[in-house]
Each structure stands twice: as structure tokens, then as C-alpha cells.
Amino acid sequence: MSEPEADLDREATANRLMQRLSGFAQGIGMSGTDARQIIGRVIASDPSAGDGELMKRW
């Protein structure tokens, strides 16, 4: 996978996780920006992990 494709894949993963976690983040008073930054760090920790594995790390 080329670097631009990898970036698009990570962005798509981040968007899916944001959709799934938005209610939780709002419930604990976290801003969307903070949640996205955390999700970005989680994805960066293991870019090859699937959504389910990344959700466990959140």
C-alpha cells in the first residue's frame, strides 16, 4: 500500500471509530477534537490493527 493510500485508510479508520465512540466521548465531556487526537494516537500505535482491536485499546 502506498503512503497516500495508507493515509486514506487511517483516516477512514479514524472516521469509523469516531462514529462508534462519539456517544461515549460526549457522555464523559470529551471534545471531538480531543477524541480524534486520542484515536489518532491509538491508530499510530498499531496501523495494521483492525477496528475491533483498536476499540479495545481506546
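For the residue pair Asn15/Arg36, the side-chain donor-acceptor check at 3.5 Å is satisfied.
Counting all heavy atoms, side chain and backbone alike, Met18 lies closest to Gly32 at CE-O, 3.8 Å.
Annotation: side chain to side chain donor-acceptor pair (under 3.5 Å) contacts of Arg10 (sequence neighbours excluded): Glu3, Asp7. Applying the side chain to side chain donor-acceptor pair (under 3.5 Å) rule to Thr33 yields no partners; only residues at least two apart in sequence or on another chain are considered. Contacts of Asp46 classified as side chain to side chain donor-acceptor pair (under 3.5 Å), with partners at least two apart in sequence or in another chain: Ser48, Arg57.
Side-chain contact between Asp34 and Gln37 is present, with at least one heavy-atom pair separated by less than 4.5 Å.
By the rule that hydrophobic residues join a cluster once side-chain heavy atoms approach within less than 4.5 Å of another member, Met30 and Leu54 end up as members of one cluster. Under a hydrophobic clustering in which Ile, Leu, Val, Met, Phe, Trp and Tyr are joined whenever their side-chain heavy atoms come within less than 4.5 Å, directly or via other members, Leu8 and Leu17 fall into different clusters.
One finds the OG1 atom of Thr13 at 10.5 Å from the CD1 atom of Ile39 (value rounded to the nearest 0.5 Å).
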